[in-house]
Amino acid sequence: MSEQKTTRDQPSLNVGKLIRWIAGILLLALIGWRVYQTAFIEGSYGPDTWMRFIIAGLIIGGMYSLIAIGYTLVYGILFMINFAHGEVMMLGAFGGYFIFELLASIKAPSVSDPNMNFLNAYPVISVLLAFIVGTVVSAVAGLLLERIAYRPLRKAPRLVPLISAIGASIFLQNAAQLLFGPQRRQYINPVILWRGTGWSIPVGDTTVLLTYTGTLSLVLSALLMIGLFLVVQKTRLGRSMRAVAENKQAAALMGIDVDDVIGKTFIISGVLAGAAGVMWGIHNGLFNHYVGFLPGIKAFTAAVLGGIGNIPGAMMGGMLLGLLESVGPAALGIDFQLKDVIAFTILILVLIFRPSGLLGEALSEEKV
Amino acid sequence: MMLEVENLNVYYGAIHALKGISFHLEEGEIVALIGANGAGKSTSLNTISGLLRANPGKIVFEGEDISQTPPQDVVMKGIIQVPEGRKIFARMTVMENLEMGAYTQPDRVKFEENLEAVYFRFPRLKERQKQLGGTLSGGEQQMLAMARGLMGNPRLLLLDEPSMGLAPILVEQIFEIIQSINEQGTSILLVEQNAQMALSIADRGYVLETGKTVLEGSGQELLHNPLVEEAYLGG
């Protein structure tokens with residue numbers, strides 16, 4: 001029956017495809033011409049500025065990647081988009097913030113400075129603690145989210161948990177606002193991690209600042225991604241996650257506790273999102289209960305860009321999206337505030353031209 | 001008695017799929033469940049495996065009621081199902097598939113022993129151990145599915161349509177393997193559309209029809225029963 005259907009739809013499909021591709025090529029040509037104009041003819045920006053854009057893009061891209069992995073892991077196993085994932089990251093940001101506040105209030109007087117606090121006396125431990133608490137908060141949030149908002153709906157039609165996810169997202173945002181207030185808060189980093197401090201890299205006759213906070217974020221993102229890759233590929237838990245993603249019933253017949261694996265998937269997603277939340281706070285400073293919304297939806301874009309369900313795709317998609325939205329406005333010669341437009345334009349273009357994403361495979365029947 | 005299934009009722013929503021099926025299996029036996037599509041053969045196996053819940057019904061394995069036991073604990077007790085349509089993990093390598101089969105067996109030494117035994121029985125899998133499961137042929141996938149089942153040290157192996165979609169020569173090979181697995185001490189509950197083959201290797205068999213057990217007897221008896229001949233052996 002399905003064969004008949006495709007045969008009948010073939011002609012119209014081809015025309016649609018042709019139109020899409022012509023439009024795509026025109027669009028690409030337009031973008032190419034625009035980039036050529038701004039970058040080479042007008043030459044508004046020197047190499048140092050481009051480098052600044054690239055560095056900023058990689059740093060934010062690392063955070064997007066971490067969050068995007070959470071979308072992709074959950075999609076791979078439950079075939080649903082966890083739209084509350086940005087809020088999981090937001091809770092992590094609060095977790096790290098309160099640890100910094102707490103440690104800053106603990107006195108740790110030393111001989112040289114009687115007013116020293118714990119945060120500055122032991123900055124490495126403090127940052128570590130912030131990350132640990134932030135990730136634990138997010139992991140617990142992810143786990144509870146699954147138990148309360150998704151597990152009861154496991155057998156419902158696929159639209160239902162999606163609506164539940166959106167509901168959970170709104171709930172968490174408002175709960176955070178009630179608990180912590182609507183005001184913007186600022187991470188007070190240890191002195192050695194002050195924002196705006198870093199290494200100066202000479203580029204031509206100027207220098208480019210590589211901030212300590214950015215370096216920390218980027219290195220930690222990379223480490224977490226390598227760690228995740230090893231867990232998924234090499235461990236018993238990783239194998240059982242892949243088995244559950246492929247076929248829940250067969251996985252259960254191997255003796256895998258499917259519910260347990262799903263819970264652990266949410267924990268891992270939460271850990272990565274929580275780490276991204278703390279990084280966001282340390283690197284960008286200001287945040288409030290809305291902080292998860294935009295990064296969440298952009299990380300979703302990144303996951304779709306890389307191919308939803310595909311872990312290396314999510315990593316690559318996040319990095320690419322970070323770079324494109326950082327370099328994009330300058331390259332296209334448009335307003336910098338339009339960077340969000342770039343991200344969502346990419347989402348729309350990917351959905352039109354390559355819904356399976358850059359690294360994604362064609363969806364199997366089971367998942368459609 | 002190793003396995004005793006008594007008055008098994010299973011519903012899919014409002015559909016009454018099993019209407020009081022009863023059968024049993026002694027240790028060391030091959031028991032075949034035969035019947036047409038929709039008779040309830042796979043449903044019976046899935047209920048024993050804990051994927052479906054009996055309502056009501058009793059499943060007793062070695063003196064213990066397992067009708068409310070979750071699937072992973074059923075596997076732990078040594079009841080392992082090789083599902084219909086193989087359901088191997090297509091995006092995992094042959095080796096990883098076998099590791100999944102041994103999921104409940106953390107003992108590394110035992111794992112190596114089982115692996116060697118499985119590779120001895122299915123030499124093709126050894127050649128292809130680094131290949132993705134999805135790249136294997138249908139026959140190789142069936143072998144992988146059975147090998148994966150054996151990796152979990154089954155005491156009772158539930159085989160769901162092992163001959164489905166295979167060329168006749170492979171079907172014979174698979175049935176020889178089933179017999180040899182049984183000779184080495186594993187009890188087997190076999191669900192088959194190919195009643196001829198199934199009954200010829202089975203010690204006993206049951207005929208299911210629309211969710212009920214309608215006939216039972218030794219493999220040979222059923223093979224020569226005129227009703228069975230007419231309905232399932234093509235006259």
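Within every chain, numbering begins at 1; the chains are lettered A, B, ... in the order of the sequence lines, protein sequences first and strands thereafter.
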**OP:** Could you give me the CA-CA distance, side-chain angles and deciding distance for A/R242 and B/M92, then say whether side chain to side chain contact (heavy atoms under 4.5 Å, CB included) is met?
**Re:** CA-CA 8 Å; A/R242 283 186 288 149; B/M92 295 172 119; 3.8 Å; yes
*asked:* Run A/L253 and B/L51 through side chain to side chain contact (heavy atoms under 4.5 Å, CB included) and show every step you take.
replied: CA-CA 8 Å; A/L253 290 177; B/L51 296 173; 3.8 Å; yes
Output, in order, the C-alpha distance, side-chain angles, deciding distance and verdict of side chain to side chain contact (heavy atoms under 4.5 Å, CB included) for B/T104 and A/M254. CA-CA 8 Å; B/T104 54; A/M254 300 297 107; over 6 Å; no
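With a threshold of 4.5 angstrom between heavy atoms, B/I88 approaches chain A through N, CA, C or O but not through any side-chain atom. The contact between B/A90 and chain A is made by backbone and side chain atoms together, counting heavy-atom distances below 4.5 Å. The part of B/R148 that comes within reach of chain A is its side chain, from C-beta onward, which places non-hydrogen atoms under 4.5 angstrom from that chain. Heavy atoms of B/N46 lying under 4.5 Å from chain A belong exclusively to its side chain.
Few gaps surround CE on B/M95; more than 12 heavy atoms of other groups in view lie less than 6.0 Å from it. For B/Y12, the OH atom sits in a packed shell: over 12 heavy atoms of surrounding residues, nucleotides or ligands are nearer than 6.0 Å. Under a cut-off of 6.0 angstrom, the local environment of CD in B/E116 is sparse, with at most 12 non-hydrogen atoms contributed by other residues, nucleotides or ligands. Heavy-atom neighbours of B/K126 NZ from other residues, nucleotides or ligands within 6.0 Å: at or below the threshold of 12. In B/F111, the CZ atom is crowded: over 12 heavy atoms of neighbouring residues, nucleotides or ligands sit closer than 6.0 Å. For A/F171, the CZ atom counts as loosely surrounded, since its 6.0 Å shell holds 12 or fewer non-hydrogen atoms of other residues, nucleotides or ligands.
When atom types are taken as modelled, the side chain of B/Q72 and the backbone of A/A252 share no donor-acceptor pair closer than 3.5 angstrom. With hydrogens and angles disregarded, a donor-acceptor distance shorter than 3.5 Å links the side chain of A/R236 to the backbone of B/Y103.
For the set B/M100, B/M151, B/K87, the entry with the most heavy-atom pairs within less than 4.5 Å of chain A is B/M100.
Look at A/R239 and B/E96 and you find no salt bridge, because none of the NZ, NE, NH1 or NH2 atoms lies under 4.0 Å from a carboxylate O.
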